[in-house]
Amino acid sequence: GRLVARRASDEALLVDAVDVRGYAPLRTALAEHLRVVRGVACTADDLVIVASVQQALDLVVRVTLDPGQQVWLEDPGYGGARAVFATHGARIVRVPVDADGLRVDLGVARAPHARLAYVTPGHQAPLGATMAIARRTQLLAWARAERAVIVEDDYDSEYRYEGRPVPALQGLDRAGVVVHLGTFSKTLLPSLRLAYAVVPRGLMAPVLAALSVTARYTPPLLQAALADLIAEGHFARHLRRMRELYAGRRAALLHALEAQLGYAIEVVGASAGLDLAVRLPRAQRDTEVVRRLAAHRIEATALSTLGDANGLELGFAPYSEARLRAGVAILREVLAAMPRATGTAGRAARARAGR
């Protein structure tokens with residue numbers, strides 16, 4: 001707030017023309033931040049400031065895809081990306097993910113000549129896997145050979161609680177095939193409406209041309225305040241504080257899930273991000289669980305609405321530890337009132353419960 005107030009009296013900032021790529025000092029500060037924190041290889045000239053990752057993805061699709069061309073989409077995966085591809089007439093090819101991220105081999109088998117691949121390698125949305133280095137190398141080799149574009153959505157990657165920070169996929173790209181997307185909606189405020197794209201040199205001109213006829217540019221006042229926030233070190237300190245706060249809330253949720261539901265669910269994707277996923281037995285349909293939780297004013301996302309999975313995506317960042325524990329208690333009651341797994345899986349679950 002102080003930085004915005006300070007910048008609000010800058011007459012030149014408010015009335016002068018703005019570069020379509022965004023406020024230059026913000027791009028400079030952000031390039032350095034991404035280099036240090038995410039291992040992204042870029043300069044200010046490679047960055048475009050936009051209002052959201054959704055807008056950035058739409059721009060990339062506009063200039064790279066023709067209707068009917070194939071795109072790889074993680075399964076389960078981000079619904080917003082699916083909506084953009086469908087709007088532009090792309091043929092969506094669902095590619096499964098596992099503990100090592102996108103199954104590149106299955107993508108090649110199903111659509112070897114796809115034009116674009118959308119991935120969340122730092123923290124897969126919604127299962128939370130981190131793409132293994134072998135998969136990253138394989139994906140880059142495929143894109144280079146097919147002259148395809150990889151869109152890397154750096155989803156929640158600033159918040160990692162286990163292991164060493166994982167550099168961005170873009171940092172490994174030597175062929176200019178990766179478009180790296182990020183947003184300040186998760187690290188600062190959704191209402192800030194500021195995000196960015198690191199665009200390969202070969203795509204920059206068409207991306208800027210598309211931006212200039214759709215949105216022109218993002219308003220400069222908040223860009224300038226954000227540039228100051230990063231350059232003066234406030235943003236890095238804010239991330240450290242939030243990482244510590246969210247780590248405590250994550251630990252509280254994990255402990256509650258283990259204590260109250262340990263044998264009944266499988267937790268996945270808890271090493272990073274602002275949410276985690278739990279897998280449910282097939283007998284307990286996730287959409288019905290979500291419906292029953294909503295009656296108790298608890299929000300969750302059914303994984304089946306995002307792809308081939310049965311489970312829940314549970315957010316923890318905005319909630320106190322006490323509220324998280326109370327929410328898990330209600331989840332336990334909801335699951336207890338629903339049909340249980342049968343057959344071998346059910347017997348195994350009951351055996352674990354007996355132990």
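All heavy atoms count here, side chains included; hydrogens, waters and symmetry mates do not.
Taking the side-chain hydrogen bond (donor to acceptor under 3.5 Å, both in side chains) definition, one finds that Thr183 meets it with Ser185, sequence neighbours left out. For Tyr23, the ring pair (Phe, Tyr, Trp, His ring centres under 6.0 Å) test picks out no residue, with sequence neighbours left out. Remark: Glu162 engages Arg250 in a side-chain hydrogen bond (donor to acceptor under 3.5 Å, both in side chains) (not counting sequence neighbours). Partners of Arg115 according to the side-chain hydrogen bond (donor to acceptor under 3.5 Å, both in side chains) rule, which considers only residues two or more places apart in sequence or in another chain, do not exist here. Partners of Arg243 according to the side-chain hydrogen bond (donor to acceptor under 3.5 Å, both in side chains) rule, which considers only residues two or more places apart in sequence or in another chain, do not exist here. For Asp156, the salt bridge (Lys or Arg N to Asp or Glu O under 4.0 Å) partners two or more places apart in sequence, or in a different chain, are Lys186.
Legend: salt bridge (Lys or Arg N to Asp or Glu O under 4.0 Å) pairs involving residues 74-83, not counting sequence neighbours, sorted by first then second residue: Asp75-Arg94. For residues 216-240, the pairs satisfying salt bridge (Lys or Arg N to Asp or Glu O under 4.0 Å) are Arg6-Asp228, Arg6-Glu232, Arg7-Asp228, with sequence neighbours left out. The list of side chain to side chain donor-acceptor pair (under 3.5 Å) pairs with a residue in residues 36-52, not counting sequence neighbours, reads Arg21-Asp45, Arg38-Asp154, Thr43-Asp46, Asp46-Arg201. Every pair tested for salt bridge (Lys or Arg N to Asp or Glu O under 4.0 Å) that includes a residue from residues 136-151 fails, sequence neighbours excluded, so the list is empty.
Pro281 is not listed as a side-chain neighbour of Glu266, based on a closest heavy-atom distance of 4.5 Å or more. Counting heavy atoms from C-beta on, the side chains of Leu239 and His33 come closer than 4.5 Å. Residues Leu73 and Ile92 meet the side-chain proximity criterion, which asks for heavy atoms closer than 4.5 Å. Between Thr218 and Gln223 the shortest side-chain heavy-atom distance falls below 4.5 Å. Side chains of Val60 and Val199 form no contact here, defined as non-hydrogen atoms less than 4.5 Å apart. When side chains are defined from C-beta on, Asp98 does not count as touching Leu127, because their heavy atoms never get closer than 4.5 Å.
One finds the OG1 atom of Thr214 at 7.5 Å from the CG atom of Asp58 (value rounded to the nearest 0.5 Å). Taken to the nearest 0.5 Å, the CG atom of Asp153 stands 13.5 Å off from the CD1 atom of Ile150. Between Gln55 atom CD and Ile49 atom CD1 the span is 11.0 Å, to the nearest 0.5 Å. Rounded to the nearest 0.5 Å, atoms CZ (Phe316) and CG (Leu253) are 7.5 Å apart. Taken from CG in Leu26 to CD1 in Ile230, the straight-line distance is 5.5 Å, to the nearest 0.5 Å. His234 contributes atom NE2, which lies 11.5 Å from atom CG of Leu226 (distance to the nearest 0.5 angstrom).
Side-chain atoms of Tyr161 come within 3.5 Å of backbone atoms of Gly273 as a donor-acceptor pair (strictly under, hydrogens ignored). Under a 3.5 Å cut-off, the side chain of Arg27 and the backbone N or O of Ala44 do form a donor-acceptor pair. Without hydrogens or angle criteria, Arg103 side chain to Asp100 main chain gives no donor-acceptor distance under 3.5 Å. Side-chain N or O atoms of Glu244 include none that pairs as donor or acceptor with a backbone N or O of Arg241 at under 3.5 Å. Checked by atom type and distance alone, the side chain of Arg325 never pairs as donor or acceptor with a backbone atom of Ala256 at under 3.5 Å. Using modelled atom types, one side-chain atom of Thr120 and one backbone atom of Ala125 make a donor-acceptor pair closer than 3.5 Å. No side-chain donor-acceptor contact under 3.5 Å links His180 to the backbone of Val198. Under the 3.5 Å distance criterion, the side-chain polar atoms of Glu152 are matched with a main-chain donor or acceptor of Leu169.
The pair Arg35-Glu32 meets the salt-bridge criterion, with a side-chain N (NZ, NE, NH1 or NH2) lying under 4.0 Å from an Asp/Glu carboxylate O.
The local environment of CZ in Arg160 is crowded, with over 12 non-hydrogen atoms from other residues, nucleotides or ligands closer than 6.0 Å. Residue His255 places its NE2 atom among 12 or fewer non-hydrogen atoms of other residues, nucleotides or ligands, all under 6.0 Å distant.
Under the 4.5 Å side-chain contact rule for hydrophobic residues, Val149 and Leu211 share a cluster. When the side chains of ILVMFWY residues are joined at heavy-atom separations under 4.5 Å, either directly or via intervening members, Val104 and Val151 end up in two distinct hydrophobic clusters. Transitive grouping of hydrophobic side chains (ILVMFWY, heavy atoms separated by less than 4.5 Å) keeps Val40 and Leu203 in distinct clusters.
Heavy atoms only, all atoms of each residue included: Leu47 and Ala31 are closest at CD1-N, 3.6 Å. Closest non-hydrogen pair, Val63 versus Pro206, comes out as CG1-O, 3.4 Å. Summarising the geometry of Gln70 relative to Leu65, their closest heavy-atom pair is O-CD2, 4.4 Å, with the distance given to 0.1 Å. When all heavy atoms of Ala129 and Ala99 are compared, the closest pair comes out as CB-O, 3.7 Å. Nearest approach of Val178 to Pro200, heavy atoms of both residues: O-CG, 3.2 Å. The two residues Gln124 and Pro76 come nearest to each other via the heavy atoms NE2-O, 2.9 Å.
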Practice item. Could you walk me through whether Val278 and Val268 pass side-chain contact (heavy atoms from CB on, under 4.5 Å), step by step? Key: CA-CA 6 Å; Val278 296; Val268 295; over 6 Å; no
Check your understanding: Taking it one step at a time, do Val53 and Tyr196 satisfy side-chain contact (heavy atoms from CB on, under 4.5 Å)?
Key -> CA-CA 7 Å; Val53 164; Tyr196 54 88; over 6 Å; no
Check your understanding: Between Gln54 and Tyr78, is a side-chain hydrogen bond (donor to acceptor under 3.5 Å, both in side chains) present by the stated rule, with each step listed?
Key -> CA-CA 11 Å; Gln54 199 78 353; Tyr78 175 48; 3.2 Å; yes
Review point. How far apart are the C-alpha atoms of Val207 and Val179, what are their side-chain angles, what is the distance that settles it, and do they pass the side-chain contact (heavy atoms from CB on, under 4.5 Å) test?
Key: CA-CA 11 Å; Val207 164; Val179 180; over 6 Å; no
Review point. Hey, mind stepping through Val290 and Leu312 against side-chain contact (heavy atoms from CB on, under 4.5 Å) and telling me if it holds?
Key: CA-CA 8 Å; Val290 167; Leu312 305 173; 3.7 Å; yes
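By the 30° and 60° cut-offs, the orientation of the rings of Trp142 relative to Trp72 is parallel. Taking the six-membered ring for Trp and thresholds of 30 and 60 degrees, Phe85 and Tyr118 have ring planes more than 60 degrees apart, a perpendicular arrangement.
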Pair up each side-chain donor or acceptor in residues 294-309 with any protein partner under 3.5 Å, not counting sequence neighbours, and list the distances.
unit_1, atom_1, unit_2, atom_2, d
Ser304, OG, Asp286, OD1, 2.7
Ser304, OG, Asp286, OD2, 3.2
Thr305, OG1, Ala302, O, 2.6

Show me, pair by pair, the donor-acceptor contacts under 3.5 angstrom made by side chains of residues 326-338, not counting sequence neighbours?
unit_1, atom_1, unit_2, atom_2, d
Arg332, NH1, Gln260, OE1, 3.4

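Aromatic rings of Phe184 and Phe235 (six-membered ring for Trp) have centroids within the 6.0 Å cut-off, being under it.
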